[in-house]
Amino acid sequence: MSAHAPSQQPTSPAAGPTDRRRVSARVGGIAESATLAVDAKAKALKAAGRPVIGFGAGEPDFPTPDYIVEAAVAAARDAANHRYSPAGGLPVLREAVAAKTLRDSGYAVDPADVLVTNGGKQAVYQAFATLLDPGDEVLLPAPYWTTYPEAIRLAGGVPVEVVAGVDQGYKVTLEQLEAARTPRTKVLLFCSPSNPTGAVYSPEQTEEIGRWALEHGIWVVTDEIYEHLTYDDAVFTPVLRVVPELADTTVVLNGVAKTYAMTGWRVGWLVGPRDVVKAATNLQSHLSSNVANVSQRAAVAALTGDLSAVAAMREAFDRRRRTMVRMLSEIDGIRIPAPEGAFYAYPAVHGLLGRTFRGVTPTTSAELAALLLDQAEVAVVPGEAFGPSGYLRLSYALGDDDLAEGVGRIQALLAEG
């Protein structure tokens, strides 16, 4: 090499971008489940020795009925359940879902049009992931379950809130839906009985909304997981029973969690048109594969057994519902329609905001919920988790004594304002 030749310098690797996100914008933008967060905080405080009473989680306090547990024990001992099974669900469970749909909802479905999922939440996610393209709009009656808008956004969709307040009994009108409809509207989310409000649409209201969706070519995603929990004169009305013509543009979501006190077993399902179910099954084959076989066998026992255990739980929920509504109604500043279904009370607390309690003046329902946890050691979920501020959700799926004690603490604290 010539003494005058330029020296060869080692080539340094190209510098990587310094502004790349550690967490994707899509996932980073998801809000934590508010209901689970409240429940986790209440349990943590209780474990630390504080006598917190939690009204946060929508979880029956009853154990899963014995005959279901025994079916799971037998399944765990059967080596056939120690292996992979079809991603779409065990054939015997899909058949049980079809039979249960005919029994409870009054219309026939083919087992091939059933997809078994890891709980109802996965059914919600996969329904929207399968139906929505970026920019598609979903009409979302509010108050809504906290997971719906996040699942819609994850799928690239746009949730369009249609707010029904306490004066409407938390039920949207056809006029509101029509006002919110645009050329981008693809789906209506329909949930009756409702989480978080306990509202139940009448057969006439359900048919009216279903026929409106049919007229405008709008898909319906209907969440029917609280179908067996209605009270007084309210009745569960499956939209496909009153508008069967919607079958080709409706996805039904359901599961065993609420009806059979099986929240931890993680078995849900969706029922829909064959092409949609096939696409959602393909997604699940990559996402999670089959639901745990032992849980599926337990779900078969639940769906093929009688409903006597369900009736006993509903009776207890009804008793607690009446107690909660009576006690909350005694608080000055609270308005509460009697919930007709599910196991939630959804009081409007606008009349409490701006008052001072023990030196604290909450101006939002989130601030009021924080005050109740700090000063009364009662955990509730603020309305901000479900749409507009100014409301609280309290589950009455807990023991009678804890319910009376917890609402009594709320009464005592709020009386000071």
Side-chain angles (χ1 to χ4, degrees), residues 29-42 54-58 138-153 158-173 176-177 179-180 189 191 194-199 324-325 328-329 331-339 342 344-396 406-407 409-411 413-417:
I30 299 172
E32 179 184 14
S33 168
T35 53
L36 294 182
V38 168
D39 186 55
K41 186 170 185 179
F55 291 101
V138 179
L139 299 183
L140 184 60
Y144 47 72
W145 182 40
T146 183
T147 290
Y148 295 144
E150 304 299 346
I152 292 165
R153 293 188 187 101
V158 179
V160 178
E161 294 185 19
V162 183
V163 179
V166 65
D167 292 329
Q168 296 176 223
Y170 304 123
K171 289 182 271 191
V172 297
T173 65
Q176 286 181 291
L177 293 174
L189 186 285
C191 181
S194 166
N195 175 7
T197 66
M324 178 172 281
V325 170
L328 289 175
S329 297
I331 300 173
D332 179 48
I334 278 184
R335 296 174 63 198
I336 177 169
Y344 308 103
Y346 204 72
V349 295
H350 304 89
L352 295 169
L353 304 181
R355 298 187 190 179
T356 300
F357 308 91
R358 300 184 186 177
V360 178
T361 307
T363 59
T364 65
S365 49
E367 293 175 358
L368 180 61
L371 173 70
L372 292 174
L373 182 57
D374 182 55
Q375 295 293 325
E377 296 184 307
V378 171
V380 301
V381 187
E384 286 85 346
F386 311 106
S389 180
Y391 303 87
L392 300 175
R393 192 193 80 170
L394 292 84
S395 168
Y396 47 85
V407 181
R409 292 182 193 175
I410 296 173
Q411 286 180 321
L413 173 60
L414 298 182
E416 299 178 17

Trainee: I need the Trp145 CH2 to Thr197 OG1 distance, nearest 0.5 Å.
Mentor: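 These two atoms lie 14.5 Å from each other.
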Trainee: Quick check: do Leu140 and Pro149 have side-chain heavy atoms less than 4.5 Å from each other?
Mentor: yes
Trainee: Please confirm whether the backbone N or O of Gly56 pairs with a side-chain atom of Arg393, one donor and one acceptor, at under 3.5 Å?
Mentor: yes
Trainee: Can you tell me how far apart CD1 (Ile410) and CG (Leu372) are? Round to the nearest 0.5 Å.
Mentor: 5.5 Å
Trainee: Mind checking whether Pro339 and Tyr346 have side chains closer than 4.5 Å, heavy atoms only?
Mentor: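 Answer no - side chains too far apart.
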Trainee: Please confirm whether the backbone N or O of Thr147 pairs with a side-chain atom of Glu150, one donor and one acceptor, at under 3.5 Å?
Mentor: no
Trainee: Which pair of non-hydrogen atoms, one from Gly169 and one from Ala199, has the smallest distance, and what is that distance?
Mentor: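 Heavy-atom minimum between the residues: O-CB, 3.5 Å.
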Trainee: So do the side chains of Pro159 and Arg153 get within less than 4.5 Å of each other, counting heavy atoms only?
Mentor: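 Yes, their side chains come closer than 4.5 Å.
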Trainee: Testing the basics here: between Phe357 and Leu414, what is the closest heavy-atom pair and its distance to 0.1 Å?
Mentor: CE2-O, 3.3 Å
Trainee: Can you confirm whether the side chains of Glu367 and Thr363 place a donor and an acceptor under 3.5 Å from each other?
Mentor: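 Checked: Glu367/Thr363 side chains pair up, N/O donor to acceptor below 3.5 Å.
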Trainee: Between OH of Tyr144 and OG of Ser194, what distance do you get to the nearest 0.5 Å?
Mentor: 12.5 Å
Trainee: What I want to find out is whether Arg355 reaches Asp332 closely enough, with some N-O distance under 4.0 Å, to be called a salt bridge.
Mentor: yes
Trainee: Contact between Val166 and Pro337 at the side-chain level, heavy atoms closer than 4.5 Å - yes or no?
Mentor: yes
Trainee: Ring centres under 6.0 Å, that's the criterion: do Tyr391 and Phe386 meet it?
Mentor: no
Trainee: Mind checking what makes side-chain hydrogen bond (donor to acceptor under 3.5 Å, both in side chains) contact with Ser395, not counting sequence neighbours?
Mentor: none
Trainee: OG1 of Thr361 to CG of Leu353: how many Å apart, nearest 0.5 Å?
Mentor: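 Going from OG1 on Thr361 over to CG on Leu353, the span is 11.0 Å.
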Trainee: Does Gln176 use its side chain to pair, donor to acceptor, with the backbone of Val163 at less than 3.5 Å?
Mentor: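 Yes.
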Trainee: Mind checking whether Phe55 and Val407 have side chains closer than 4.5 Å, heavy atoms only?
Mentor: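 Side-chain contact under 4.5 Å: yes.
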Trainee: Look at the side chain of Tyr170 and the backbone N and O of Ala142, then say whether any donor-acceptor pair between them is shorter than 3.5 Å.
Mentor: no
Trainee: Can Leu394 and Leu392 be said to form a side-chain contact (heavy atoms from CB on, under 4.5 Å), step by step?
Mentor: CA-CA 6 Å; Leu394 292 84; Leu392 300 175; 4.0 Å; yes
Trainee: Glu384: what forms a salt bridge (charged side-chain N to carboxylate O under 4.0 Å, His left out) with it, not counting sequence neighbours?
Mentor: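 If we apply the salt bridge (charged side-chain N to carboxylate O under 4.0 Å, His left out) test to Glu384, skipping adjacent residues, there are no hits.
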Trainee: Kindly give the heavy-atom pair with the smallest separation between Thr146 and Ser33, and that separation in Å.
Mentor: CG2-OG, 4.1 Å
Trainee: For a 4.5 angstrom cut-off between non-hydrogen side-chain atoms, does Leu368 reach Leu352?
Mentor: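 Answer yes - side chains close enough.
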Trainee: Does some side-chain heavy atom of Leu177 sit less than 4.5 Å from a side-chain heavy atom of Val172?
Mentor: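 They are in contact (side-chain heavy atoms under 4.5 Å apart), so the answer is yes.
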Trainee: Could you please spell out the steps behind the side-chain hydrogen bond (donor to acceptor under 3.5 Å, both in side chains) verdict for Ser389 and Ser365?
Mentor: CA-CA 6 Å; Ser389 180; Ser365 49; 3.2 Å; yes
Trainee: Which distance, rounded to the nearest 0.5 Å, do you find between the CZ of Arg358 and the CD of Glu416?
Mentor: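 Taking CZ in Arg358 and CD in Glu416, the distance rounds to 4.0 Å.
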Trainee: If you round to the nearest 0.5 Å, how far is CD1 of Ile336 from CG of Leu328?
Mentor: 4.5 Å
